[in-house]
Amino acid sequence: MSKTKEENVGVVREMRPRSEIDESSERQELERTWRAIPGLWGWLSNTNHKDIAMRYIVTAFIFFLLGGLEAALMRLQLSKPENTLLGPDLYNQIFTTHGTTMMFLFAVPILEGIGLYFVPMMVGTRNVSFPRLNAFGYYCYLLGGLFLYAGFLLNVGPDTGWFSYVPLAGPEFSPGKRVDIWAQMITFTEISALVGAVVIITTIFKQRVPGMSLNRLPLFVWSELVTSFMIIFAMPAVMMGSGMLAMDRLVSTHFFNPAEGGDAILYQHIFWFFGHPEVYIIFIPATGFVSTIIATFTRRETFGYLALVLSLIAVGFIGFGLWVHHMFATPLPQLGQSFFTGASMMIAIPNGVQIFCWLATLWGGKVNLKTPLLFVLGFVFIFVLGGLSGIVLASVPTDLQVHDTYFVVAHFHYVLIGGAVFPLFGALYYWFPKWTGRMMSEHLGKLNFWLLFAGFNLTFFPMHQLGLRGMPRRVYTYLPEMNWASFNLVATIGAGVMFLSVLTFLINVWVSRRSGAVAGANPWNAATLEWATESPAPAYNFIHPPAVNGRYPLWTRTAETPVVTGLSAERREVLLTSVVDALPQQRHELHGHSIWPLVTSFAVGVTLIFGIFTPWAYPVGSALMLLALYGWFWPKEGPKQYGTKEEQKLFFKHQTELSLRGQDPI
Amino acid sequence: MREEQMVLDVKGLPEHGFDTREPMWWGNLLLLLIETMTFVIAGAAFFYVSQNFNIWPPPRTETYSQLNPLPGLGNPTANLIALIVSASVMIWVDRSARRADKRAIKIGLLICLLLNLGSITLRAFEFMSIHVRWNSNAYGSVLWAILILHLMHLIVETAEAFILSVYTFNRPLDPRHRLDITVLAVYWYWVTIIWIPLYLMIYLGPRFH
Amino acid sequence: MRLALTFIPLLVLFFLVSCEREQRNFRAAPPAARSESLTQSQIQPGQAYTPPQTKNPTEYKAYELSQGKQLYEQYNCSGCHFHGGGGIGPPLMDAKWIYGGDPQNVFQTVIEGRPNGMPSFRGKIPDAQVWQIVAYVRSMSGQVPKDASPGRSDSMNTRSEPEQLVEPTVTKQAGQPPSTVQSK
Amino acid sequence: MSASIKSLIKGWLSASTATLCLMLAGCTGPSTQSSVDPMGPQARHLSRLWWFFCYSLSAIFVIVVIVLLLSTYKGWRESRRALEDEHDEERPLIVPEPERERSMKRVVLGATLLTGLMLFVYLIMSFITGRAISSPLHAENVLTIEVKGHQWWWEARYSDPTPSRIFTTANEIHIPVGRPVMLKMTSTDVIHSFWVPNLMGKKDLIPGKDTTLMFQADRPGVYRGQCAEYCGLQHAHMAFIVVAESEEQFAAWREAQINPALEPQSDSEKRGQQVFLSSPCIMCHTVRGTQAGSLIGPDLTHVGSRQTIAAATLPNTRGHLSGWIVDSQSVKPGNRMPPNSLNPEDLQALLDYLQSLK
């Protein structure tokens, strides 16, 4: 207890009249400090987390539309046997680009983007810990996406599937630069995802408002935290895998050449060590949306906070132990197979717990059937179906029949579209008022949902049947005598319905942005801190970050729950708190606008893009990057001192002593 | 209008700290976690590939005069010692930064810089002492990949130390700068520590195969 | 909107310059185009065969080059020339061309055969495939664009010393008129 | 409000009906390549396990959806009642009642335990089935066939202790009914996957590695199989057939296959052989008993006896064969057979010859 006191040196709690707190001059000062520089330069050097996150979301959504168009082309090609709309070469490029886009350019970035937008707001801070790193991540992602699509339009689209198995993707069987573009694009987007993960974790650890101890962290923030850790452990694997592939192709290494001791199976292990956690990296943030939306629209806290958090963590751990179930058809020892079957099935338990908790929340709540909740209900329907068909894939014997068939295509679209896209649409409807200050149309929203729900099931349910009846995935056409035509036609029609649904969504966004009902600060009467400020939120998020007294702070706030004052309005200052208990520790100045993230990402881009033509791009590009980083990190001026000199000295001395004695509490 | 509201005035809180108090420290730790994972994957690839060879390490193909497949031990060991010495010096720099002892920081950083330049030079000889090219076989590919990955870290940390020493020599020692030095020290320890298992794996492992 | 309008011509331009390196032209030679009609006997007629093209259309296309590489192995060119190093037949990865190093010379060598062992493949290998092989053979000595030529093969490593592969003189000579290269 | 809940229920009812209809539709009609139409002990084990999964998982799914609808309905009614009772626009928050929370906790805990139990049952079931399909069927009397994957066709080599009795065929594997078959598989280029759903699950063919697969057919018939691992341009057309026949028929077929190619009889066939041997065909194909001995394309020694050509893409008729020879790229764009221009007489003679190779 005494230690806590020692820690809180300098923190004053007092009751003040509300009118005395909300000073408009402070607001103006904050406005001036946090706003972006106007004009193009300001746009390019902006490091505000909301702006960067919105760019992530919009860019990722555009890639979603592109990936959807590719899917539509594939469905058209498969709508009848021996269709000649697309040749094998183009079809292979399209399905590879579709998969790559949806996994790397849509799902991970958009979920991370929403995290980057709302994590700082939910934990009640003004910006993320590393604003410039965050901007750098976005530019890397953008460059990677543009690179892939430039290649695709130039007939250099990758054509070996989104997991690019060697030797098919190796130098001998994939001539040209197509696979190189895939490999480098992976590196681009992984840099971005990793950087985002670091930013999110540090922000969650250090910048929560006082009172938000780990056991009061909103469930969405928990899900982003678990996802970010999964990214940190999983993504280096795919970077190594694609890096080795690129080296095999560029400088004749032999990682995957069986004749020289390399191994094609090694690639599969490395890839799926990333690839399976990737599924949960996509799914876990979506569970955060679900928990958040369900609490708001049942007007009660989500049932089983502890169970949900533990399930998330359990999924995060077990998710790393079941990658081999993607490889059951390769020669593996029997014992290993049984182990991975067990692990794959075990992950159903934490996921089941989550579903049960949500059902219990509905049961014990007051259900307000708005569009976001509708999408969540659709999610439960579809995701449970997809999860259950996952059991079939986890079991070695049945997997041997359905592996690499349309059954798998059906399964992973059920878990990924059901598990991530439905909650995502729910989240877009839910948070649209916070972004724009206007509500989306409920009518169009419901139409959107029903079209998506019907279209989705129409498209993907028949694929289970196709898989059982022997249709392998990734075939550009099939023979008429295979009797697959009717199911495929149904699926194509379903894809058309889904297309209409997305169109409805776009129309809804377009109309509501201009003429939707004005939302106000908290239109849903929700509980988390992002609703404690006006919509759209100002650049500095909160004039006075509100401390919290529970897991659902806006539902439990009283006049006794303090707001944080005393942060400088002249500097970009945030409050740092301790990792576990969120006790106030320090004021901390964040970096402001900077063009260097953009410059550095260009240096990375030059390296990776020219790296597919000559290995010399790497040393040269590294030198460029180093220069850019010097520009980035070179301090412009010494930090301004705040408070009296004596005070500062005293506190810093105290700190130094603590750190030298190794007694600083986490 | 006259409603009362509790406020938490944080004006008096300090602006600087060390270690777990600082986001920078956490960010650095997370980046090191990422890098550790890349080395773990590279190490896994090393052991996976070793199953495909009857003789490990595979006999040399380049120079017929030296068929002994074992990598040389001299340069790498010297390099390991240099790394450990520089890390020990870094501990001293770290503590001096906390004490704000500018002179000690200057001397320590210079020693570390020199030692690391030595390490980088020794690394160049290490590429020769493994007696295998990256495009000879999978063993060579994995070895080169690991050595280059670690070399990249050596170069990055040297560059970082360089810029911090330039800064130390030209500017007053402000708290943020002192924090940067302690964070660099963490990175430095990591670069040394991660090399020990890799050294054992690459150079000593085959001798007890 | 105006932004979109400016992008459209750019896109069109992209399509127009669309990398020919990546084309996969499966029907390079239409069924009718062949070097000659089928001969029933194994004996070759005397007159010299004139290759139909002077420029090899496949040299800039990565796919064709890799096809050439596969055919080179499969048709057992490596049986005599090995992987370019030469053995029974002359080496192919140096700068010396006994019968000329231009595409049409190499084409003619494959079709016609040459004295002292090089058999004639007339009527055996379709023209389109010969061109692919020609392109690959020339890539061994670095005479085709580097970014189009095939990487290492997924087989035993025969080139552990890459610096021996391409002598620096070769790249210089590649651009010169064939007469100077042919002299040897 | 009530319209929305009604539409919710209606929508789900119609969606489930539609899916159910589709499911039923899937169970009718002839199947050429189906994992739920087992023709051997292994496939039967797999299919039995599949149906067990299918029914039990469907039951779980139905229960979950019912609970979902019920909870939503109950929660929705609660909110209506709160609105009516209290005339409160803001609809007050629910303060969790400890008693109800406790009972909900018990239900969730029970459901979790049930899930664990169910998973345990599934684990045991799949372990038992796994043992059943992977244990060597009968140690003796196993027919061993070596299968090699090529981009984009299959090579099958029937091994025998007597070297002269070894022969190779392509894209058509004959097996005797009731006798276990062991495939030893590898690939010459990229990874392929051997899959005959009616007989057994799939197994990858990996360059530089040997994999094995055991299965057995119980009923005579022709079972189609297809490459299941994406292998490049013509992955879609890399199929094959497995012909299961009686032991006698199989023995007769095998004897016939061991023989070298039949000598051409008619003038046209003789001319056809000449055409074959003097044209590009000889660069890739083998016809045992002639000079043609190349191993790049399928062995054509008994091509006339096969049911399909082009890796089970086309039926082996004169018309298809001729189209395939002249312009294979229009059938399988990107495949490794070049187009051949032959004058009509030569082509007809070649067709005569190839069809005579029974």
Side-chain angles (χ1 to χ4, degrees), chain A residues 87-88 161 165 167-168 173 258 264 298-300 303-304 329-331 338 341-342 345 348-349 352-353 356-357 359-360 362-369 377 380-381 384-385 388 391-392 395-398 400-401 403-404 450 454 457 461-462 465 468-470 472 474-477 482-483 555, chain D residues 4 11 15 19 22 26 29 31-36 46 49-50 53 57 61 64-65 67-68 71-72 74-76 78-79 82 91 93-94 100 104 108 111-112 115-116 119 122-123 126 129-130 133 190-191 193 197 201-204 206-208 211 226 228-230 232-233 235-236 333-334:
Chain A
Y165 272 5
L168 182 63
F173 298 100
T298 56
R299 312 286 306 126
R300 56 157 289 154
F303 179 83
T330 61
S338 302
T341 299
M345 287 194 173
I349 295 177
V353 169
F356 301 144
C357 286
L359 291 178
L362 286 169
W363 180 269
K366 293 181 182 173
V367 170
N368 181 11
L369 263 184
L377 299 180
V380 175
F381 182 94
V384 167
L385 187 50
L388 292 173
I391 302 268
V392 178
S395 151
V396 179
T398 39
L400 291 181
Q401 280 289 23
H403 174 68
D404 268 334
W450 284 113
N457 284 299
F461 196 81
Q465 283 293 325
L468 291 170
R469 294 160 64 79
R474 299 174 164 178
V475 289
Y476 79 100
T477 190
M482 299 311 296
N483 290 321
W555 288 347
Chain D
S4 69
T19 46
L22 276 170
S31 64
T32 38
Q33 183 172 314
S34 167
S35 60
V36 287
L46 294 177
L49 184 63
W50 153 253
F53 274 140
L57 294 172
F61 177 66
V64 171
V65 170
V67 172
L68 172 69
S71 330
T72 313
K74 183 179 171 296
W76 173 77
E78 203 115 318
S79 82
R91 288 196 312 286
L93 285 169
I94 287 187
R100 191 158 73 164
M104 268 156 63
V108 167
T112 310
T115 311
L119 289 174
Y122 287 154
L123 193 61
S126 72
T129 310
I133 58 167
V190 304
I191 299 177
S193 194
K202 56 185 73 64
K203 192 81 176 186
D204 287 354
I206 296 160
T211 51
Q226 197 166 350
E229 179 68 62
Y230 174 62
L233 285 167
H235 169 56

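Within every chain, numbering begins at 1; the chains are lettered A, B, ... in the order of the sequence lines, protein sequences first and strands thereafter. Please read these numbers as outputs of a predicted model, since none were measured by experiment.
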**Message:** Just to verify, what does D:Q226 make a side-chain hydrogen bond (donor to acceptor under 3.5 Å, both in side chains) with, not counting sequence neighbours?
**Reply:** D:Q33, D:R224
**Request:** Just give me the residue among A:T330, A:I349, A:V380 that pairs up with chain D most often, heavy atom to heavy atom, under 4.5 Å.
**Result:** A:T330
**Message:** Among A:G364, A:G161, A:S338, which residue has the highest count of heavy-atom pairs closer than 4.5 Å to chain D?
**Reply:** A:G364
**Message:** Rounded at 0.5 Å granularity, tell me how far CG in A:L359 sits from CZ in A:F303.
**Reply:** 11.0 Å
**Request:** Could you tell me which portion of D:F61 (side chain, backbone, both or neither) has an atom closer than 4.5 angstrom to a non-hydrogen atom of chain A?
**Result:** both
**Fill in**
For D:D204, the salt bridge (Lys or Arg N to Asp or Glu O under 4.0 Å) test, sequence neighbours excluded, returns none
**Asked** When heavy-atom pairs shorter than 4.5 Å are enumerated against chain D, which of A:G342, A:C357, A:P472 gives the highest number?
**Response** A:P472
**Request:** Mind ranking D:L119, D:T115, D:V36 by heavy-atom pairs under 4.5 Å with chain A and telling me who comes out on top?
**Result:** D:L119
**Prompt:** Does any heavy atom of chain D fall under 4.5 Å from the side chain of A:T477, the backbone, both, or neither of them?
**Reply:** both
**Prompt:** Is it the side chain or the backbone of D:T211 that comes within 4.5 Å of chain A heavy atoms, both, or neither?
**Reply:** side chain
**Request:** Decide side-chain contact (heavy atoms from CB on, under 4.5 Å) for A:L377 and A:L362; before the verdict, give the C-alpha distance in whole Å, the side-chain angles of both, and the deciding distance to 0.1 Å.
**Result:** CA-CA 10 Å; A:L377 299 180; A:L362 286 169; 3.7 Å; yes
**Request:** Pick one of side chain, backbone, both or neither for A:Y165, based on which atoms fall under 4.5 Å of a heavy atom in chain D.
**Result:** side chain
**Request:** Taking the side chain as every heavy atom from C-beta outward, state whether D:S79 and A:N368 have any atom pair closer than 4.5 Å.
**Result:** no
**Prompt:** So which of D:R100, D:K202, D:K74 has the largest heavy-atom pair count under 4.5 angstrom toward chain A?
**Reply:** D:K202
**Request:** Could you tell me the separation between the CH2 atom of D:W76 and the CG atom of A:L369, rounded to the nearest 0.5 Å?
**Result:** 8.5 Å
**Message:** Heavy-atom pairs under 4.5 Å with chain D - which of A:V353, A:L385, A:V392 has more of them than the others?
**Reply:** A:L385
**Request:** Counting only heavy atoms closer than 4.5 Å, note whether A:A360 contacts chain D via side chain, backbone, both or neither.
**Result:** both
**Asked** Just how far is it from atom CZ of A:F356 to atom CE of D:M104, taken to the nearest 0.5 Å?
**Response** 13.5 Å
**Request:** Measure the shortest side-chain to side-chain distance between D:P207 and D:V190 over non-hydrogen atoms and say whether it is less than 4.5 angstrom.
**Result:** no
**Prompt:** Of the backbone (N, CA, C, O) and the side chain (C-beta and beyond), which part of D:I206 lies under 4.5 Å from a heavy atom of chain A, both, or neither?
**Reply:** side chain
